[in-house]
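Just so you know, these numbers use all the heavy atoms, side chains as well, and skip hydrogens, waters and symmetry mates. Note that this is a predicted model, so its numbers are computed, not measured. The sequence lines fix the lettering, A, B, ..., with proteins before strands; numbering per chain opens at 1.
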There are 2 protein chains.
Amino acid sequence: MAPPAVKKQTYDNGPEAAAPVGGVLNDILGYKLRRAQLATFEEFARHFHDLELRPAELALLLLLKRTPEAGQAELTSLLVLKRANFVALVNRLARRELVERSPVDGDRRARKITLTTKGLSLLEEGEKRQRAYEQQLLQILGGNRARADFLTALDRLINLAETRDCSSTPRRDVNQRTSG
Amino acid sequence: MAPPAVKKQTYDNGPEAAAPVGGVLNDILGYKLRRAQLATFEEFARHFHDLELRPAELALLLLLKRTPEAGQAELTSLLVLKRANFVALVNRLARRELVERSPVDGDRRARKITLTTKGLSLLEEGEKRQRAYEQQLLQILGGNRARADFLTALDRLINLAETRDCSSTPRRDVNQRTSG
DNA sequence: TATTGTTATACTCTATAACTATA
DNA sequence: TATAGTTATAGAGTATAACAATA
C-alpha cells in the first residue's frame with residue numbers, strides 16, 4: 001500500500017562498479033554532484049525505509065510541525081514543488097492518516113494541511129532518524145567546518161540561476177556556520 | 001525528433017520561489033544537495049540545449065573519445081548506468097548519427113560503440129561548452145581551492161555506501177587538487 | 001479576470017525481468 | 001550455465017494544461 005521509500009539495489013546488471021576512478025568524468029562537477037546526490041538518497045532510504053518516508057514526505061512533515069500556519073501555496077514554494085505534485089504528496093500522507101486537510105476561514109477555496117496525532121508521533125521518530133543521518137553525513141564530510149563549507153558551496157550553486165545573468169556579484173549565501 | 005535537452009521553466013505555477021530562506025529545510029544536507037544538483041542540470045541545459053545534448057549524452061561522447069577501446073560493459077559501468085538504459089542512450093545518439101555500433105572480433109555477442117565524424121565534430125563544440133561551463137562553476141564556487149574541497153566532499157558522499165558498514169576508515173577520496 | 005486546489009497527462013531517469021544469441 | 005545486448009515495462013520525480021469553485 002504505502003510507497004517504498006526508494007528503489008532497491010542492482011540485481012540483473014551486476015554490482016554496477018562503485019566509482020569510475022580515473023575516468024574522464026571525475027573532472028566533471030555536475031557528474032559528481034549527481035552521483036553524490038543519488039548516494040545520499042540511497043542512504044536516506046536506509047535510514048527511513050521502515051518508516052516508509054521518502055525525502056519529500058519527511059520534508060513536508062517537518063515543515064508542518066515547524067510552520068503550522070503555512071498555507072498550501074507557501075508549502076509548495078518551500079518544498080520547491082509544483083502545486084499539482086504537491087496534491088499527490090499530501091494524498092499519500094493523508095491516506096496514511098499522517099496529515100489532514102481542513103477548510104480555512106475567510107477563503108473557501110483554500111485548505112489547511114495539519115499533522116494528525118499519528119503524523120506527529122511518526123515525525124518524532126523521523127526527527128530522531130534525521131539527526132542520526134545528519135550526524136553520519138557530518139562525520140563523512142569531516143566535521144562542522146567541512147560541512148559548513150560544503151553547504152556554502154551548495155547554496156552558491158542553488159543560487160546559480162540568479163547569478164547567471166548579472167555578470168558581477170556572483171554570490172548570496174544563505175548558509176549559517178554550524179560551528180567554526 | 002531529437003530529445004529536448006531538459007524541461008522548460010515553470011509556467012502555470014508561478015515562479016516557484018527561488019530559495020526557502022530561513023526554512024527548516026536549510027539545515028538538511030540532502031535537501032540542499034538535491035536542489036544544487038537540479039540547479040546545475042538546469043545550467044547545463046542552458047549551455048547545451050542548442051546542441052541537443054543531455055548530461056549522459058555528453059558524458060558518453062566524452063568517454064568514447066578518451067577511452068575508444070572501452071567495451072559496452074565498461075562504458076555502462078563508467079557511466080553508472082544499467083545495461084538496459086545504456087541501449088536507449090546509444091540508440092538516441094546513433095539515430096542522430098553521432099555514434100555507430102560495429103561488431104567485435106572474437107566475440108560475436110559484443111558490439112563496439114564508436115564516434116562518427118559527425119559525432120566527433122559535435123563533441124568538439126561540446127568540449128568547448130563544457131570548459132566554459134566548468135569555468136562558470138569554478139567562479140561560482142570561489143576558485144580552485146573551493147572547487148577542490150567541494151569535489152572532495154562529493155567523493156566522500158559518493159563512497160558513502162562503502163564506508164557505511166565498516167565503522168572506521170570513513171574515507172577514500174578520488175579527487176585530485178585542480179591547483180592548490 | 002485571477003487564484004486555489006485538483007485531475008489528467010507526459011516526459012525523464014532509473015530499475016527489474018526476461019528474451020536472443022552467443023560463449 | 002553464464003554473459004552481452006536487447007526489449008518491455010514499471011516506478012518515482014517533475015513538468016504542463018485545463019477545469020471547478022471561489023475570490
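When the side chain to side chain donor-acceptor pair (under 3.5 Å) test is applied to B:Glu97, no partner is found at least two apart in sequence or on another chain. Checked against side chain to side chain donor-acceptor pair (under 3.5 Å), B:Lys128 has no partners two or more places apart in sequence or in another chain.
Relative orientation of the A:Phe41 and A:Phe44 rings is tilted, given thresholds of 30° and 60° on the angle between their planes.
Within residues 64-73 of chain A, the residues that have a heavy atom under 4.0 Å from DNA chain C are, in order of number, A:Gln72, A:Ala73.
B:Lys82 has its NZ atom 17 Å from the C1' atom of D:dA8, to the nearest Å. Between A:Leu58 atom CG and D:dG13 atom P there is a gap of 13 Å when expressed in whole angstrom units. Distance B:Leu79 CG to C:dC13 P: 13 Å, rounded to the nearest Å. Rounding to whole angstrom units, CG of residue A:Leu89 and P of C:dT7 are separated by 14 Å. Residue A:His49 contributes atom NE2, which lies 18 Å from atom C1' of D:dG11 at whole-angstrom precision. Computed from coordinates, the B:Phe41 CZ to D:dA15 P distance equals 13 Å when rounded to whole Å. The CG-C1' distance, from B:Leu81 to C:dA15, rounds to 12 Å in whole Å. Taking atom CD of residue A:Gln37 and atom C1' of nucleotide C:dT12, one finds them 14 Å apart after rounding to whole Å.
Residues A:Arg129 and A:His47 approach most closely at NH1-O, 2.8 Å, considering heavy atoms.
The side chain of B:Arg34 contributes an N or O atom lying less than 4.0 Å from OP1 or OP2 of D:dT14. Within the structure, every side-chain polar atom (N or O) of A:Arg92 is placed at least 4.0 Å from both OP1 and OP2 of D:dA12.
Between B:Arg92 and B:Glu52, no side-chain nitrogen of the basic residue sits less than 4.0 Å from a carboxylate oxygen of the acidic one, so the salt-bridge criterion is not met.
Ranking C:dT6, D:dT7, D:dG13 by closeness to the A:Arg54 side chain, first place goes to D:dG13. Here the side chain of A:Arg83 is nearest to one of C:dT6, D:dT7, C:dA18, namely C:dT6. Set against C:dA15, D:dA4, D:dA17, the side chain of A:Ala84 has D:dA17 as its closest nucleotide. Residue A:Arg101 has its side chain nearest to C:dT6 when only C:dT6, D:dG5, D:dT14 are considered.
Applying the side chain to side chain contact (heavy atoms under 4.5 Å, CB included) test between B:Arg147 and each of B:Leu137, B:Thr152, B:Leu138 identifies B:Leu138 as the sole match.
Using a 4.5 Å cut-off on side-chain heavy atoms (C-beta onward), B:Leu61 and B:Val99 make contact.
A:Arg108 contributes no side-chain N or O that forms a donor-acceptor pair with the base of D:dT22 under 3.5 Å. Side-chain to base pairing of A:Asn85 with D:dA15: one donor and one acceptor N or O lie within less than 3.5 Å of each other. In terms of polar N and O atoms assigned as donor or acceptor, the side chain of B:Arg109 never comes within less than 3.5 Å of the base of D:dG5 in a complementary pairing.
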**Message:** B:Arg131 vs B:Glu134, test: salt bridge (Lys or Arg N to Asp or Glu O under 4.0 Å). Steps then yes/no.
**Reply:** CA-CA 5 Å; B:Arg131 282 190 291 270; B:Glu134 285 290 334; over 6 Å; no
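Annotation: of the two residues near DNA chain C, A:Asn91 and A:Leu38, the 5′-most nearest-nucleotide partner is A:Asn91. For the pair B:Asp107 and A:Val90, nearest-nucleotide mapping onto DNA chain C gives the more 5' position to A:Val90.
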